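Each chain gets a letter, A, B and so on, in the order the sequences are listed, and its residues count up from 1. Since we're looking at a predicted model, the values are computed, not measured.
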Amino acid sequence: MAAETGTPTTLTLKSNDDELFSVAESAAILSVTIRNMVEDGCAGGVIPLDNVDGKTLASVITYMNGISAIPADEEKKKSYRDKFLSDKDFETLADMVLAANYLNMSCLMDAVSAKIAQVMEKKSVGWVRRKFGIENDYTPEEEAAVKEEHKWTFEGVETDDDN
Amino acid sequence: MTEQRSGRRLKSSQIDDRLSDLPDSVLSHILSFLSTQESVATTILGRRWRYLWSYVPNLDFDCVNQEIIYRVLLQHKLRSLTAFRLHYATRCSAYQLETWITFAAARNVRKLDLCLKDHVSSRRIALPRCLFTCETLVDLSLDSCGVVPSSGAVRLPRLKKLDLWYLDYETHESLPRLISGCPVLEELSIIFYGDIVYCNVSSPTIKKFLLKFTSEYCGGPDRLEINTPALEYIEINDYFLNIKIKCGVLTSLFEANITLQNDGQLCFQSLRKCLDSLCNVKYLTLDLSRCVEIIDSVPSPWTTSFRNLTQLELIADCCFLPKFLEIADNLEILIFTEQRYDEEEIEGWKETPQRKVPRCLSSHLRIIKLLDIKGNKHDFEFIRYLLRNAQVLEMMEIAYAEALTLEEKVNILEKISRFQRGSNKCEVAFVDVKVT
């Protein structure tokens, strides 16, 4: 890693609301998007990240620093990820999954996706719609048809209380 | 409850459908962490979700009936699959199994996990040939799903992890043939079930090997040959009654976890032979608590030295303890549970004054944890011996057996606290067992 060859290189990242962050290159290249920029030599000045706001980027950088400080031990990395995500609300998770997708960080992407999926598991349709703010744009007839078509999938989930 | 719900509604309108804001690729990635039943169920959420599930790159069926499985396979739209998991509980024909495996293989599946829970019918099904030439497979798990053939091509050039649980083998050639077709295999796990006389596991690449025999009456090989020079971790759960094990050199072996189960008499010689091949380990866990009787319980001379062994976890009769202390000069951590199959008071710990104190006690052993201490006579004897002779000991932790009364605990504590300590920096801690 860069740290071993001399002074650690620092990169400056800019969020879409013009906040600047400095982060060690060794941590930042967890993002394949940033790594490609570094490898192509476009990381000299400030790296603009047009799809990530400052609040989310700060969080992602905390994650980058935390996870890159852990040596190759999958168990420890996993428990760090679990802890890191444990207090995040859904809005933050949605921002993080978008940022992870844009930055091409598969480990963060998987962890956040699994966390969102976990929230959806075994929940009623009404609950998921409410929790994630999903608008039901089916007509009642369409909804009944879809429900009939995939009847088998509703075994073993919570029954709806208001739908 | 009603108030809570309206509160949520308010919040959800503020969220403004954030989940549906995510691009399809991200949504289907999220759905890939759900079972197929649950990801198909999301169709009901709204129009946007109608066909999203059919672009999820993995399929996961748990006890879904076959008509549904076929329907989902037909509706699924991706030409490649990262993972296909199918756990099926009812009777399954060879034709069905072949259809499912062919579907996955044709979609370049990387991870395949098949479990047919109806053992009786699955024991007669031959696993389809196309499974063994699925070149994209990285991780293959087969549980109770048929017979491994002994002919036909095996070409699994990317396979790293292979689980073979409760399978039958057409001949004793089936297993070696399968393994030899996996040039980069790193992890192998086998649970023997059927009748197989001879078993040979040879691979230059395997690093992790788990071997389990379900019971001595359910078959398993009479002769087992292990030839895995790159092995780093081995776990064996075994009966050593009649089986002859031949094991090649294991120079890279780092950690071993051995549990012996024996309903008859275990001969220390056969145990020793098995342990000899593990002499390079750094961490060793050995559980002899499920052996009814160890016939020659005064162990025969042992010449093998476990020079790298720094941590030993032993669950056995305490007569084994001195034996292991003698052969592990560099042992630093000892975790010991005194346990016998029959609960009778035994002759117990015998201190042999003519024997010199094992080297690890005088120079390396720093931490001793003793679990399930009941306060038997021999408990005190070996604790006294360890405390007196361990000269660099930093910590001895004594965990009381669960059923002890407060009075018994106090009695143990008082007695042990008075024992002479060979190391002046040694602390003795008494703890209650954690209920796991």
- Query: To the nearest 0.5 Å, what is the distance between CE (Met120(A)) and OG (Ser39(B))?
  - Reply: 9.5 Å
- Message: Does atom NZ (Lys77(B)) have a neighbourhood of more than 12 heavy atoms from anything else shown, all under 6.0 Å?
- Response: yes
- Would you mind telling me which of Thr36(B), Thr43(B), Asn65(B) has the largest number of heavy-atom pairs within less than 4.5 Å of chain A? Thr43(B)
- Message: Is Glu67(B) in contact with chain A via its backbone, its side chain, both, or neither, using a 4.5 Å heavy-atom distance?
- Response: neither
- Look at atom OH of Tyr70(B) and say whether more than 12 heavy atoms of other residues, nucleotides or ligands are closer to it than 6.0 Å. yes
- Item | Approximate separation, where rounding is to 0.5 Å, of Gln118(A) CD and Ile30(B) CD1 | 13.0 Å
- Checking heavy atoms, do the side chain of Glu142(A), its backbone, both or neither come under 4.5 Å from chain B? side chain
- Message: Using a 6.0 Å cut-off, check whether atom CD of Glu75(A) has over 12 heavy atoms from anything other than its own residue.
- Response: no
- Message: Just checking Lys160(B): does its NZ atom have more than 12 heavy atoms from other residues, nucleotides or ligands closer to it than 6.0 angstrom?
- Response: no
- Between the main-chain N or O of Leu45(B) and the side-chain N or O of Arg129(A), is there a donor-acceptor pair closer than 3.5 Å? yes
- Note on the structure: Heavy-atom nearest pair, Ser113(A) first then Phe33(B), reads CB-CE1, 3.5 Å
- How far does CZ of Arg71(B) sit from CH2 of Trp152(A), to the nearest 0.5 angstrom? 8.5 Å
- Message: Looking at Lys111(B), I want to see if its NZ is surrounded by more than 12 non-hydrogen atoms of other residues, nucleotides or ligands under 6.0 Å.
- Response: no
- Which residues satisfy the side-chain contact (heavy atoms from CB on, under 4.5 Å) test with Arg107(B), sequence neighbours excluded? Arg79(B), Leu81(B), Phe103(B)
- Message: Working to the nearest 0.5 angstrom, can you tell me the gap between Arg47(B) CZ and Glu135(A) CD?
- Response: 9.5 Å
- Does the side chain of Ile44(B) come within less than 4.5 Å of His150(A)'s, by heavy atoms? no
- Query: Looking only at heavy atoms, what is the nearest atom pair of Glu149(A) and Gln75(B), with distance?
  - Reply: OE2-NE2, 3.9 Å
- Message: Could you work out, with side chain to side chain donor-acceptor pair (under 3.5 Å) as the rule, every residue matching Gln96(B), not counting sequence neighbours?
- Response: Gln66(B)
- Message: Give me the atom names and distance for the closest heavy-atom approach of Leu98(A) to Pro23(B).
- Response: CD2-CD, 3.5 Å
- Cut-off 4.5 Å, heavy atoms of chain A, and the answer for Thr42(B) is side chain
- Task: Please flag which part of Asn101(A) lies under 4.5 Å from any non-hydrogen atom of chain B: side chain, backbone, both or neither.
- Result: side chain
- In Å, rounded to the nearest 0.5 Å, how long is the span from CD1 of Ile116(A) to CG of Leu27(B)? 8.5 Å
- Item | Asp95(A) CG to Leu22(B) CG distance, which is reported to the nearest 0.5 Å | 9.0 Å
